[in-house]
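Since this is a predicted model, take the numbers as computed values, not measurements. So that the names make sense, note that chain A is the first sequence line, chain B the second, and so on, each numbered from 1.
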Protein chains: 2
Amino acid sequence: MIRAAAERLFAQHGYAAVSMRRIAAEVGMQAGALYNYTPDKQSLLFGMMKSHLEELLAAWAATPRTTRPAEALESFTRFHISFHLDRPDAVFIAYMELRSLEPQNFTAIETLRRRYETELETILRRGKATGDFTIPDTRLATMAVIAMLTGVTTWYRDDGRLSRERVERIYWNMVRKAMGA
Amino acid sequence: MIRAAAERLFAQHGYAAVSMRRIAAEVGMQAGALYNYTPDKQSLLFGMMKSHLEELLAAWAATPRTTRPAEALESFTRFHISFHLDRPDAVFIAYMELRSLEPQNFTAIETLRRRYETELETILRRGKATGDFTIPDTRLATMAVIAMLTGVTTWYRDDGRLSRERVERIYWNMVRKAMGA
DNA sequence: ATGGTAACTGAACACACGTTCAGTTCAATG
DNA sequence: CATTGAACTGAACGTGTGTTCAGTTACCAT
């Protein structure tokens, strides 16, 4: 409840621009009452980012594995778009508020984010090894695909011109071609 | 001088998290003296974002036109990467601090940003018309390419593993393939 | 030397910040 | 009905915020 309200506000105005009083007002309390739920403001941010990334990793881990590289990449592409479109606020915060994290919290989040990137990187490396993908630099391809896919959250609207399925399909085609598969 | 300092600080900590006193300290003044150079904090942000986008549009306008769609796209790809890598702070701010802009300032910046996107969209539309590109949805392809290219700024380091030329070449190849050219 | 002016200081303004805490409320338990 | 305890209020804490402005400084043209 509180976390959900904070997430909405952080995504909209940014962590630094949202006061504890504003969050409290959003859930109909006084600011002091929030401290029954969180030790401080920073923990509120860290908690939501950590949960988001852990859910991301768990959801991907629960996605069926496939052997063929192209299938794995399609699976990842569709998973990434779908998961991120369901959580636009959390995604926004996870990518934008890294600099609002205190050093040790930042490190923890970076580790999780890196772990997720490695999932894609592994798929690409295998596909490169089997000759399914034509990519001169695996790490660079990883970053390119993630940036491209995450970008969907900046413009996609549920009531927009294109359905999710159509967006997923078109992006998968672009990713596939870009990786030379 | 002041704008440069503010740009650095905004990029690093975010607009809301940087105080006028902090900016003043960075340039060796008291906070009050800043108001000889800017009417207020918001103008400082708006000014740097506007300048950045105007320079972006001007620089692209000054780039030689080419007739063949694939050449135009290569030109845009390399231009975008090169221009953005030269101004990592300005890029970061232009993409991250949109929400810190007051409504009318936001509108002005969005207009400029949209104008730049249209440059790419035009290239893609022409290439699609001539059959040089195979893209089911032009607008979506535009967003995908911009997201992918801008993503470079999040990981590229001048002293890193890959030279700019190599990064540009690899990205151009991915973009080309993704557009079916 | 003198007057003018642009740059800057340092203090102040009203307000907002994150956080703490003594006290109040109120539903559940005995 | 009395007691407990969690949830919450409302005020306060020290500090920081953007912005203003009467003064001081330092330099430049006369």
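Judged by closest nucleotide on DNA chain C, B:Gln30 is the one of A:Ser19 and B:Gln30 placed further toward the 5' end. A residue-by-residue look at A:Ala33 and A:Arg22 shows that A:Arg22 has its nearest nucleotide of DNA chain C further toward the 5' end.
By the 30° and 60° cut-offs, the orientation of the rings of A:Trp155 relative to A:Tyr171 is parallel.
One atom, CG of A:Asp40, and another, P of C:dC17, lie 17 Å apart when rounded to the nearest Å. Rounding to whole angstrom units, CE of residue A:Met29 and P of C:dT19 are separated by 16 Å. Between A:Gln42 atom CD and C:dC17 atom C1' there is a gap of 16 Å when expressed in whole angstrom units. Note: CE (A:Met20) to P (D:dT9) measures 13 Å, nearest angstrom. The distance from atom CD1 of A:Ile23 to atom P of C:dT19 is 10 Å, rounded to the nearest whole Å.
Judged by distance alone, the side chain of A:Thr77 and the main-chain N or O of A:Leu73 form a donor-acceptor pair under 3.5 Å. Looking at A:Gln42, its side chain does come within 3.5 Å of a backbone N or O of A:Ser100 through a donor-acceptor pair. At least one donor-acceptor pair closer than 3.5 Å links the side chain of A:Lys41 to the backbone N or O of A:Tyr15.
Using a 4.0 Å heavy-atom criterion, one finds that B:Val27 contacts no nucleic acid atom at all.
Candidate nucleotides D:dC8, D:dG18, C:dT19 were compared by shortest atom distance to the side chain of A:Lys41, and C:dT19 ranks first. Among the nucleotides D:dT19, D:dC8, C:dT19, the one closest to any side-chain atom of B:Tyr35 is D:dT19. For B:Ala31, counting side-chain heavy atoms from C-beta on, the closest listed nucleotide (D:dT19, C:dG18, D:dC8) is D:dT19. Closest to the B:Tyr37 side chain, of the nucleotides C:dC8, D:dC8, D:dT19, is C:dC8. When distances run from any side-chain atom of A:Asn36 to the nucleotides D:dA7, C:dT9, C:dA7, the shortest one goes to D:dA7.
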Take B:His52 and B:Tyr95 through the ring-ring contact (aromatic ring centres under 6.0 Å, His included) test and state the conclusion after the steps. CA-CA 11 Å; B:His52 170 66; B:Tyr95 278 80; 8.1 Å; no
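Taking 3.5 Å as the limit, the base of C:dG18 and the side chain of A:Arg21 contain a donor-acceptor pair of atoms between them.
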